[in-house]
There are 2 protein chains.
Amino acid sequence: MSTRPFHHGNLRAVLLEQAESMLRASGADGLSLRELARQAGVSHGAPRSHFIDRQALLDALAERGFDRLAAAVRSALDGAESVRSGFDRVAHAYVDFAIEDASLMELMFAAKTSARPGPVQDAAGRLFGALDEAMGASAVTESDDGARDTFKQLFGATMQGIAALVASGRIARAQGDVLVDEAMQMLLDSALGLRVVDRR
Amino acid sequence: MSTRPFHHGNLRAVLLEQAESMLRASGADGLSLRELARQAGVSHGAPRSHFIDRQALLDALAERGFDRLAAAVRSALDGAESVRSGFDRVAHAYVDFAIEDASLMELMFAAKTSARPGPVQDAAGRLFGALDEAMGASAVTESDDGARDTFKQLFGATMQGIAALVASGRIARAQGDVLVDEAMQMLLDSALGLRVVDRR
DNA sequence: ACCTGAACACCGTTCAAGT
DNA sequence: ACCTGAACACCGTTCAAGT
C-alpha cells in the first residue's frame, strides 16, 4: 500500500513475528536464522544486530510465549462465575494454548531455557503468578504451604501431560478436553489435604 | 585387550550405543552423524550403510527406548505384592525413566516419530501393552471401556507431566516423587467411574 | 555388503567495512 | 546504531568408487 515499514526501524519485530510462524510451521529445529533473514529481505548477518545468538532469538520467543499464556490464564479467570468454573476455564485455556502452540510450549519448558536466570525466567515467574492468582486470590485453599505447592504442581503437571498427549497425536483433541474435565474433577475432589472453598 | 571388534561387523551396534550416550549428554540437537562417525573411527559416510537418514537413527533410538521402558514397567509390576503397590511401582519406574532419559523420552513422544506407522509405533504399542497389563491383568477395573481408557490416559499424562516438570529443573526430584505418590492416591481414590479391585 | 572420500547445499557465527 | 558481505567451521545427504 502506501507506507512500507520495511528494512528500517522494526526489523526486530518483523523477525520475531516471522520466527513465531516459522516455529509453528516447522518446529524449533526448522527455525533458521538465514532463512529468517531471507524472508525479511535482509542480509544473513542482519539479525545479529537484534539477537546475538540463535538461542537469544529462541529466548525472546519463549519470553513472549510466557506472557501470552499468562494473559490467556488471566482472561480465562475473568470470565469465571464460580470457583469450579474458574479452575475449568484456566485448565482449558492452558491446555488449548499448549496444543495450538506446541513447539513454542516446548521452547518455554525446555531445560535449556528454564535453567538460566534472566528475562525468560522472569516471564515464567509472571505466568506462575497468574496461576497463583487463579488458585489463591480468586478461589482456593486454606491449607499449609506444602499442600498448596503440591496441588499447584500437580495441576500444572497434569495439564502439561494432557497437552503433550494431544500434541503428539496420541489422543484426539476432544478426548483431551474430556481428560481435562476428569482431571479437574479429580483434583478438586481429592483428599489432598487442602480445602477448596468459594469465598464469594 | 585381545579381540577388538571394531570397524567390521558391529558398526551399527556401536553407533547406537554411542548415539545413546551422546543423546544423554547433549540432547537430540547435539547428535551429529559426522561426530558419531568420528568417534567410531569410520568415515562420515559410513553410518549411511546402517541408517539412511539422521531420522532413521533417531527412530532406532526411540524404538529401543520404548522397549527398555516397557521392560522397566514389567519388572516394576513383577515386584508388587498388592494392587496399590503395583501402581506405585509402575508409576515411579515410568517417571524415573523419563527423568533419567529425558532427551530419549522427548524423542519417543515427539509428534514427528509418533505420527508415522512403522517399527517405532510398534514398539510404542508394546509399551502400552505393558501398561495395560499393569492396569488390567494384575489389578484393576471392572468398568466400561471409556472409563478405562480415560483412566489410562490420565495416568500416562500425569506421569509424563511430573517427569517433564522435574526434567526441566522446575521442581526437585524428591518433590517429583511426592507428586507421584499424591497423584497415584488421587487417581486410585477418585470417582472416575471405575472400580479398582484386588483380584488375588 | 560395507565402507571411503569428494562434492553439494545448507547452517551459525565472526568481523571488518559501509551508511 | 544498524546493516552488508566475505570468511570460517560445521552440518546432512548423495554418489561413484573401492574392497
Side-chain angles (χ1 to χ4, degrees), chain A residues 3-63 103 106-107 110 112-113 116 118 120, chain B residues 3-63 103 106-107 110 112-113 116 118 120:
Chain A
T3 62
R4 54 199 161 104
F6 233 48
H7 279 179
H8 275 299
N10 60 342
L11 177 59
R12 194 195 137 96
V14 169
L15 289 175
L16 279 173
E17 211 62 42
Q18 284 178 346
E20 223 158 67
S21 69
M22 220 163 144
L23 183 66
R24 220 184 293 256
S26 339
D29 290 353
L31 212 167
S32 144
L33 285 180
R34 287 179 106 108
E35 175 63 26
L36 218 54
R38 244 173 264 131
Q39 284 183 18
V42 294
S43 80
H44 68 260
R48 230 296 181 90
S49 304
H50 301 98
F51 307 99
I52 352 93
D53 241 5
R54 203 183 98 102
Q55 187 59 46
L57 172 64
L58 298 182
D59 284 354
L61 290 175
E63 192 185 341
S103 298
E106 269 182 51
L107 222 56
K112 216 178 306 175
T113 57
R116 296 155 301 148
V120 187
Chain B
T3 61
R4 54 199 158 104
F6 233 48
H7 279 181
H8 274 297
N10 59 343
L11 178 58
R12 195 194 136 95
V14 169
L15 289 175
L16 280 173
E17 212 63 41
Q18 284 178 346
E20 222 157 68
S21 68
M22 220 162 141
L23 183 67
R24 221 183 293 256
S26 340
D29 290 354
L31 212 166
S32 144
L33 285 180
R34 287 177 108 109
E35 176 63 27
L36 218 53
R38 244 173 265 130
Q39 284 183 17
V42 294
S43 81
H44 68 260
R48 229 296 181 90
S49 304
H50 302 98
F51 306 100
I52 351 93
D53 241 4
R54 203 183 98 103
Q55 187 59 47
L57 172 65
L58 298 182
D59 284 353
L61 290 175
E63 192 185 340
S103 298
E106 269 182 51
L107 222 56
K112 216 180 305 176
T113 57
R116 297 155 302 150
V120 187

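Everything quoted here is computed from the prediction, not taken from an experiment. The analysis underlying the following values was restricted to heavy atoms, covering all of them including side chains, and did not include hydrogens, waters or symmetry mates. Here is the naming used below: chain letters follow the sequence lines, and residue numbers restart at 1 for every chain.
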Tell me, please, which residues at least two apart from A:Ala46 pass side chain to side chain contact (heavy atoms under 4.5 Å, CB included).
-> A:Leu11, A:Val42, A:Ser43
Partners of B:Glu20 by salt bridge (Lys or Arg N to Asp or Glu O under 4.0 Å), sequence neighbours excluded?
-> B:Arg64
Kindly write out the residues that satisfy side-chain hydrogen bond (donor to acceptor under 3.5 Å, both in side chains) with A:Glu17, not counting sequence neighbours, or none if the list is empty.
-> none
Of residues 47-58 of chain A, the positions that come close to DNA chain C - non-hydrogen atoms, cut-off under 4.0 Å | A:Arg48, A:Asp53, A:Arg54
List the atom of A:Lys112, the atom of B:Asp29, and the distance in Å for their closest heavy-atom pair.
-> NZ-OD2, 3.6 Å
Set of residues satisfying side-chain hydrogen bond (donor to acceptor under 3.5 Å, both in side chains) with respect to B:Arg54, sequence neighbours excluded | none
So the salt bridge (charged side-chain N to carboxylate O under 4.0 Å, His left out) pairs with at least one residue in residues 38-53 of chain B (sequence neighbours excluded) are B:Glu35-B:Arg38
Heavy-atom closest pair, residues B:His44 and B:Ala37 = CA-CB, 3.8 Å
Length of the CG-P vector between B:Leu15 and C:dC2, whole Å = 13 Å
Note on DNA chain C: ranges paired as stems (three or more Watson-Crick/G-U pairs in a row, both atom distances under 3.5 Å) are C:4-8 with D:12-16, C:12-16 with D:4-8
Side chain to side chain, A:Asp59 and A:Gln55, heavy atoms closer than 4.5 Å = yes
Could you tell me the separation between the CG atom of B:Asn10 and the CZ atom of B:Arg12, rounded to the nearest 0.5 Å?
-> 12.0 Å
Return the polar atom pairs (N/O with N/O) between nucleotides 5-10 of chain D and the protein under 3.5 Å, or none.
residue : atom : partner : partner atom : Å
D:dA6   : N6   : A:His44 : NE2          : 2.9

Side chain to side chain contact (heavy atoms under 4.5 Å, CB included) involving B:Ala28 - partner list, sequence neighbours excluded = B:Leu23, B:Leu107
Quick one: list whatever passes salt bridge (Lys or Arg N to Asp or Glu O under 4.0 Å) with A:Arg34, sequence neighbours left out.
-> none
Any residue meeting salt bridge (Lys or Arg N to Asp or Glu O under 4.0 Å) with A:Arg24, in chain and number order, not counting sequence neighbours = A:Asp101
For B:Leu11 and C:dT4, what is the distance between atoms CG and P respectively, to the nearest whole Å?
-> 8 Å
Of all heavy-atom pairs between B:Ala60 and B:Phe51, which one has the smallest distance, and what is that distance?
-> CB-CE2, 3.9 Å
Of residues 20-30 of chain A, the positions that come close to DNA chain C - non-hydrogen atoms, cut-off under 4.0 Å = none
